[in-house]
Amino acid sequence: MLVYNSQNHRKQELETIEPDKVRMYVCGPTVYDQIHIGNARTFLSFDVIRRYLMYKGYEVTFAQNLTDVDDKIINRANEEGRSAAEVAEEYSAAFIEQMHRFGILDPDIRPRATREIEAMQEMIALLVERGHAYATDSGDVYFSVRSDHNYGVLSGRELDQLRAGERVEVNEEKRDPFDFALWKAAKPGEPSWPSAWGEGRPGWHTECCAMIHRYLGTPIDIHGGGQDLVFPHHENETAQAMCAWGTALANTWMHTGMLRVNGDKMSKSLGNFFTLQEILDRYPADAVRLLMLQTHYRSSLDFQTDQLDGAVGTLERLRTCVKNLRWAAEHAAAGDGALSEADRALSAAASDAQASFVRQMDDDFNTAGGLAAIFELVTVANRYLDEVGGRTATAVTLRAADTLVELAEVLGLTLEASASELPDELVELAHEHAGYEGTSPDAAAEALLAARQQARANKDWGTADAIRDALTALGLVLEDTAAGARLRRA
RNA sequence: GGCGACGUGGCCAAGUGGUAAGGCAGAGGCCUGCAAAGCCUUUAUCUCCGGUUCGAAUCCGGACGUCGCCUCCA
């Protein structure tokens, strides 16, 4: 399978360090606020990438950090008059909760910066020892970009070019304006840890690097993040790894495209800033997922809320198709076992969908193409149900349903909810309309459907519609199919 | 100023050399007592110009336009 490596701008055959194993790391959030849908898009992309690698049979070890000590956290804590640890804890929990809501699989390893101080200090000490970092009188430790002749390899930048149009941060202690902090001396009241360079805390670029080294070993197969992290974050990470351990940090760098909202860059000043929580409060997680996956992960994604309304219906179409297939298989008239031409066509379509899905996803995780493969099977399946009526071939029909469910699952989309129970109100309703005397909602439903069928047979449309309207009021949809009437949740 | 991405039907979006996937929305039709679900039909030569080629949305050059990064933003 081909994977685009943003370090050399090429799609390359994925060759893992260990056979059939993938070690991957994706930069997690700085936990100072609710994450927004731009963050969510990145995490979703890597969730699907991970799921697909597993689907292909790789044993994936996935690590993602929580940056729980940082300027932004400290600022927020100061504004709110509480400790940085409290702020970090609140938003760490919120992040994990929202990831669960969004259907993102938990990482195998979720290190937190504040618990990895020792590993970071070891790395910093090594960099100082090798002449790639230096401590200042203030107690900061900086990485010396000029000491690394490879600096810029990831982002394709050169220090001197950067300098041309760049305003320079005034800091007389730095040897070069682009030197970045590995360790920051603590100011009063800030969280800090003792070190050889005095009380302080780690710099952002240092965290990921040290955690990767400790938990996954370097190099890893895939390192991911948003495109905006290429420079300076990932550039700095790879520079540290190379200088500290003499190894690349990652063989493949993957970066997701930025998300915009209704045509504009998402920003608080424009008022188009959405948190994941807000969106998931308004729309089903799978609809958001479906919409995002219709765009390739490397493209910028214009997030439009009116498209989201459409995605809700699209998702329903997928689920309805699976339900209809299952229903048809259950209610199929017994046949002689021979497959008709239509049966064989459906069977072939299921195979084709599977093959096409893999072909698309093998090409740098083309989820839009993968979805197209799924929809093509949906269309064929619906046509099949339309044509054969009640004479479906059970095995073939179930296989089509299974294929849809399986492929969608690779994308993290759930097409079949666990069977939900019918509401108790049906009993009362059945008593009223059908003279039902029992207590089982299921039996009540059957009685109601039977009563309505009788009314329809008598052309008593008023009664038939009254029953259907009452069911609708309970959130149930009644559908008349070739094989009889059926109930489903709205 | 430097680095990079992109410009495909009303909207979104796949597609990197052989005559344009898919989704949403719209229109017409079919099925239905009416619905629901679904089916069928219907809308593009790919920003523009030039070049390479038997042949380009796809390669090269140019123009116009949009966007991202270069500020510890996924």
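Naming: A, B, ... by sequence-line order, numbering from 1 per chain. Note that the coordinates shown come from a computational prediction; the quantities given were computed from them, not determined experimentally.
- A donor-acceptor pair shorter than 3.5 Å cannot be found between the side chains of A:Gln294 and A:Thr367.
- Within the 6.0 Å centre-distance limit, the rings of A:Phe43 and A:Phe95 are counted as a close aromatic pair.
- Annotation: B:rG7 and B:rA57 have their C1' atoms spaced 11 Å apart (nearest Å).
- Minimum atom distance to the side chain of A:Arg157 is reached by B:rG2, of the listed B:rC11, B:rA37, B:rG2.
- One C1' atom belongs to B:rC30, the other to B:rU19, and the distance between them is 33 Å to the nearest Å.
- Of the candidate nucleotides B:rG68, B:rA36, B:rA14, B:rG68 has the atom nearest to the side chain of A:Met258.
- Judged purely by distance below 3.5 Å, without hydrogens or angles, the side chains of A:Ser144 and A:His132 never pair a donor atom with an acceptor atom.
- Nearest nucleotide to the side chain of A:Thr379, out of B:rG33, B:rC69, B:rC39: B:rC39.
- Between B:rG17 and B:rA56, the two C1' atoms lie 6 Å apart (nearest whole Å).
- Regarding A:Asn8, its CG atom lies at a distance of 14 Å from the P atom of B:rG4, rounded to whole Å.
- Stacking of A:Arg456 on the aromatic ring of A:Trp461 is not recorded, the 6.0 Å distance cut-off and the 45° axial limit not both being met.
- Side-chain proximity of A:Thr314 to the nucleotides B:rC73, B:rC24, B:rG4 is greatest for B:rC24.
- The listed nucleotides are B:rA37, B:rA14, B:rG22; the one nearest the side chain of A:Asn324 is B:rA37.
- The side chain of A:Ser299 approaches B:rA14 more closely than any other nucleotide in the set B:rA14, B:rA37, B:rA21.
- One atom, CG of A:Asp70, and another, P of B:rC73, lie 8 Å apart when rounded to the nearest Å.
- For a distance-only test at 3.5 Å, the side chain of A:Arg468 qualifies as a donor-acceptor partner of the base of B:rA35.
- At a threshold of 4.0 angstrom between heavy atoms, the contacts of A:Lys323 with the nucleic acid are absent.
- Applying the 3.5 Å distance criterion, the base of B:rC24 shares no donor-acceptor pair with the side chain of A:Arg317.
- Distance A:Phe357 CZ to B:rG22 C1': 14 Å, rounded to the nearest Å.
- Within 4.0 Å of A:Leu291, counting heavy atoms only, lies no atom of the nucleic acid at all.
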For residues 304-312 of chain A, which side-chain N or O atoms pair as donor and acceptor with protein atoms under 3.5 Å away, sequence neighbours left out?
residue: A:Gln304; atom: NE2; partner: A:Asp302; partner atom: OD2; Å: 3.3
residue: A:Asp309; atom: OD1; partner: A:Tyr283; partner atom: OH; Å: 3.3

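- Among the heavy atoms of the strands, none lies under 4.0 Å from A:Gln227.
- Nucleotides B:rU8 and B:rU43, compared at atom C1', are 14 Å apart to the nearest Å.
- Taking a pair as Watson-Crick or G-U wobble with both distances under 3.5 Å, the runs of three or more consecutive pairs in RNA chain B are B:1-7 with B:64-70, B:10-12 with B:22-24, B:26-30 with B:38-42, B:47-51 with B:59-63.
- Closest-nucleotide positions on RNA chain B for A:Asp480 and A:Gly225 were compared, and the one nearer the 5' end corresponds to A:Asp480.
- Within the nucleic acid shown, A:Asp228 comes within 4.0 Å of at least one base atom, counting heavy atoms only.
- A:Arg10 comes within contact range of no nucleotide atom at all, as no heavy-atom separation falls under 4.0 Å.
- Among the heavy atoms of the strands lying under 4.0 Å from A:Leu478 is at least one base atom, whether or not backbone atoms are also near.
- Across all strands shown, A:Arg298 has no heavy atoms under 4.0 Å from either base or sugar-phosphate atoms.
- The same atom, P, is picked in B:rC54 and in B:rU47; the two are 25 Å apart, to the nearest Å.
- Look at CD on A:Gln453: it is 14 Å from C1' on B:rA35, rounded to the nearest Å.
- Judged by ring centres under 5.5 Å apart and planes tilted less than 30 degrees, A:Trp461 stacks against the six-membered base ring of B:rG33.
- Looking at heavy-atom distances under 4.0 Å, A:Gly38 makes contact with a base.
- Under the 6.0 Å distance and 45° angle rule, A:Arg260 does not count as a cation-pi partner of A:Phe303.
- Side chain A:Asn366 to base B:rG15: no donor-acceptor pair is found below 3.5 Å.
- Using a 4.0 Å heavy-atom criterion, one finds that A:Glu387 contacts no nucleic acid atom at all.
- A:Arg201 pairs in a side-chain contact (heavy atoms from CB on, under 4.5 Å) with only one of the listed residues (A:Thr206, A:Thr114, A:Asp70, A:Asp71), which is A:Asp71.
- Between B:rG9 and B:rC31, the distance separating the two C1' atoms is 30 Å to the nearest Å.
- Distances from the side chain of A:Gln294 to the nucleotides B:rC34, B:rA74, B:rG23 place B:rG23 closest.
- Residue A:Thr481 is classed as having no contact, given no heavy-atom separation below 4.0 Å to the nucleic acid.
- Atom C1' of B:rA13 sits at a distance of 14 Å from the matching atom of B:rC6, rounded to the whole Å.
- Between A:Arg319 and A:Glu416 there is no salt bridge, since no side-chain N of the basic residue sits under 4.0 Å from a carboxylate O of the acidic one.
- Here the nucleotide nearest the side chain of A:Val477, chosen from B:rA36, B:rG38, B:rG68, is B:rA36.
- For A:Asn236 and B:rC69, the CG to P distance is 17 Å, given to the nearest whole Å.
- Nearest-nucleotide assignment on RNA chain B puts the 5′-proximal partner with A:Asp302, out of A:Asp302 and A:Ala181.
- Between A:Asn39 and B:rA74 there is a side-chain polar atom (N or O) within less than 4.0 angstrom of OP1 or OP2.
- A:His296 comes within 4.0 angstrom of the backbone, heavy atoms only, and of no base.
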Check the pair A:His36, A:Phe274 against ring pair (Phe, Tyr, Trp, His ring centres under 6.0 Å), reporting the backbone distance first and the verdict last. CA-CA 6 Å; A:His36 55 68; A:Phe274 290 111; over 10 Å; no

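- Spacing between atom NE2 of A:His9 and atom P of B:rC69 amounts to 16 Å, rounded to whole angstrom units.
- Between A:Thr367 and the phosphate of B:rA14, there is no side-chain N or O to OP1/OP2 separation shorter than 4.0 Å.
- Of the candidate nucleotides B:rC73, B:rC39, B:rG22, B:rC39 has the atom lying nearest to any side-chain atom of A:Asp386.
- Look at A:Arg146 and A:Asp176 and you find a salt bridge, because one of the NZ, NE, NH1 or NH2 atoms lies within 4.0 Å of a carboxylate O, short of that distance.
- Atom pair A:Gln360:CD and B:rA13:C1' shows a separation of 12 Å (rounding to whole Å applied).
- Spacing between B:rU42 and B:rU66 at atom P, rounded to whole Å, works out to 37 Å.
- For A:Gln307, the listed nucleotide lying nearest its side chain is B:rC11; candidates were B:rC11, B:rA21, B:rA74.
- As a whole-Å value, the separation of A:Tyr384 OH from B:rG38 C1' is 15 Å.
- Checked against the 6.0 Å centroid threshold, A:His234 and A:His255 count as a close aromatic pair.
- If you check the side chains of A:Asn75 and A:Tyr32, you find no donor sitting under 3.5 Å from an acceptor.
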